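It should be emphasised that the depicted structure is a prediction, and the values quoted were computed from it without experimental measurement. All residue numbers in this chain count up from 1 along the given sequence.
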Amino acid sequence: MALTAVHVSDVPNLDQVPDKAPLYATRFSSQGIEIGRTSKFLVIGHRGNGMNLLQSADRRMKAVKENSILSFNAAANYPIDFIEFDVQVTKDDCPVIFHDDFILTQHNGTVYERRITELSLAEFLSYGPQREEGLAGKPLMRKTKDGKIVSWTVETDDSACTLKEAFEKVNPSIGFNIELKFDDHIVYQQDYLIHVLKAVLHVVLEYAKGRPIIFSSFQPDAALLVKNLQTCYPVFFLTNGGTEIYYDVRRNSLEEATKLCLEGGLEGIVSEVKGIFRNPGLVNKIKESKLSLLTYGKLNNVPEAVYMQHLMGIDGVIVDFVEQVTEAVCKLVKKPDEILLEGEEKVQNRPQFSQRELSFLLKLIPELIQ
């Protein structure tokens, strides 16, 4: 797709927003993210109850099909605040939930690959387990990061789903962090981005009701546009925090991410956690800019790394090991106004750091990450 300059100020707001969308239940302040009236440290389930890493020896990475209704509701069994999932739009304008740019199947030993956005809804739903009893779907394959193609086999499988189904079938108390997914290797035209975003917004405004919603995207222009197309839900810019380099300089550092958010009126940043640990001094600068800060990445499955982020002032984490991390957060992170009942013992195993020790750790962590 050819490059076309995006002039966000020229994009009209979606005319249905004032009539259909309530004020979002997720609020933002200089102290971070607030749910209702209580500022808290958020735990967000990655693709529901965790992403699938099919070549992993860890059974948790293959327990439940990622980005599925089963995975979303499995995560909702634990004290999480949001689930994160990836939304793309089919060629017949239906927002569906799927992470990869391409979907793969195999027939008679030959692997076939199709781009999600070039499929119709019916074609997309024909892959994997089918909801209709007795109907067999196309076997689902997946390409690993090293290029190997493997069968997408998990312990508990589920059918592909649409964004509309997620609103209808997932526990209504759980917020949705909707990642607007675009191909990193395509330069998109403005008209195409607007068309896709409006298709997503029509579903959100129709079915979200009181559910907390956060939009996020690695695509800078999509993030700016979705902020301009609606005024009800917060928008976060996703960044690798400099851990990977892209042609678009806005994606290549936390400094650029902060600049984009401030210039575009976005509410916050979601960074790869390594980007934060390599540059811990930027956390205060981001918070001083009145932006909220979330993180994602493998290190977020380590409770000690999550607790360190809480001490640093980060507002929340996106995690794969939902059960283990939520349990650890409940033990390690207590709200200031929580008072021990008579006879209740203090939580054990909570690290205690002086300001001097914390300062030392913040200097040490970047060296360890490198």
Side-chain angles (χ1 to χ4, degrees), residues 1 14 16 20-21 47-48 51-52 64-73 83-107 111-143 151-152 154 156-170 172 176-184 186 188-189 191-209 211 213 215-219 222 225-226 229-230 233:
M1 296 184 180
L14 199 65
Q16 289 160 296
K20 296 207 173 190
R47 305 181 201 173
M51 68 178 287
N52 294 151
V64 185
K65 174 67 73 61
E66 70 176 36
N67 278 336
S68 68
I69 301 298
L70 271 179
S71 184
F72 299 155
N73 282 320
I83 52 173
E84 179 271 351
F85 53 76
D86 312 274
V87 170
Q88 304 184 58
V89 175
T90 62
K91 69 177 183 181
D92 48 355
D93 295 335
C94 183
V96 296
I97 300 177
F98 196 78
H99 174 269
D100 301 357
D101 297 318
F102 294 89
I103 193 167
L104 283 71
T105 191
Q106 183 173 270
H107 181 67
V111 174
Y112 296 90
E113 181 179 82
R114 298 282 304 276
R115 184 178 288 277
I116 296 296
T117 54
E118 294 176 354
L119 297 173
S120 68
L121 174 61
E123 288 173 323
F124 171 73
L125 294 177
S126 71
Y127 289 83
Q130 301 295 291
R131 299 204 185 281
E132 186 177 335
E133 190 174 347
L135 193 63
K138 297 175 184 176
L140 197 57
M141 314 294 287
R142 193 174 208 181
K143 186 180 290 186
S151 173
W152 200 326
V154 293
T156 306
D157 213 340
D158 196 17
S159 307
C161 67
T162 66
L163 179 59
K164 176 176 176 286
E165 284 182 294
F167 279 115
E168 293 174 333
K169 298 178 180 180
V170 175
F176 284 176
N177 174 8
I178 300 174
E179 181 185 337
L180 304 163
K181 193 82 168 57
F182 296 93
D183 192 326
D184 288 338
I186 294 178
Y188 291 94
Q189 294 181 351
D191 288 347
Y192 176 81
L193 290 175
I194 293 172
H195 181 84
V196 168
L197 295 174
K198 283 189 173 183
V200 175
L201 286 170
H202 279 300
V203 174
V204 172
L205 300 177
E206 182 73 27
Y207 296 98
K209 300 178 181 176
R211 190 189 297 269
I213 302 290
F215 288 114
S216 63
S217 186
F218 282 104
Q219 219 291 342
L225 286 166
V226 77
L229 286 168
Q230 54 83 44
Y233 301 112

Using only atom types and a distance under 3.5 Å, with no angle test, would you say the side chain of [X] pairs donor to acceptor with the backbone of [Y]?
X: Glu132; Y: Leu135; value: no
X: Thr162; Y: Pro95; value: no
X: Asp86; Y: Asn67; value: no
X: Glu84; Y: Arg47; value: yes
X: Ser159; Y: Pro129; value: yes
X: Asn52; Y: Glu66; value: yes
X: Glu133; Y: Arg131; value: no
X: Asn177; Y: Phe215; value: no
X: Gln88; Y: Phe98; value: yes

Any non-hydrogen side-chain atom of [X] less than 4.5 Å from a side-chain atom of [Y]?
X: Leu140; Y: Lys65; answer: yes
X: Val200; Y: Val89; answer: yes
X: Gln189; Y: His195; answer: no

- request: Validate the cation-pi geometry between Arg211 and Phe167: distance from NZ or CZ to the six-membered ring centre under 6.0 Å, angle to the ring axis within 45°.
  value: no
Give the table of side-chain donor-acceptor pairs shorter than 3.5 Å for residues 114-121, with sequence neighbours excluded, one pair per line with atom names and distance.
unit_1 : atom_1 : unit_2 : atom_2 : d
Arg115 : NH1    : Asp183 : OD2    : 2.8
Arg115 : NH2    : Asp183 : OD2    : 3.2
Ser120 : OG     : Glu123 : N      : 3.2
Ser120 : OG     : Glu123 : OE1    : 3.3

task: For the pair Lys181 and Asp100, find out whether any cationic side-chain nitrogen is under 4.0 Å from an anionic carboxylate oxygen.
output: no
message: Could you check whether Phe182 and Phe218 have their ring centres less than 6.0 Å apart?
response: no
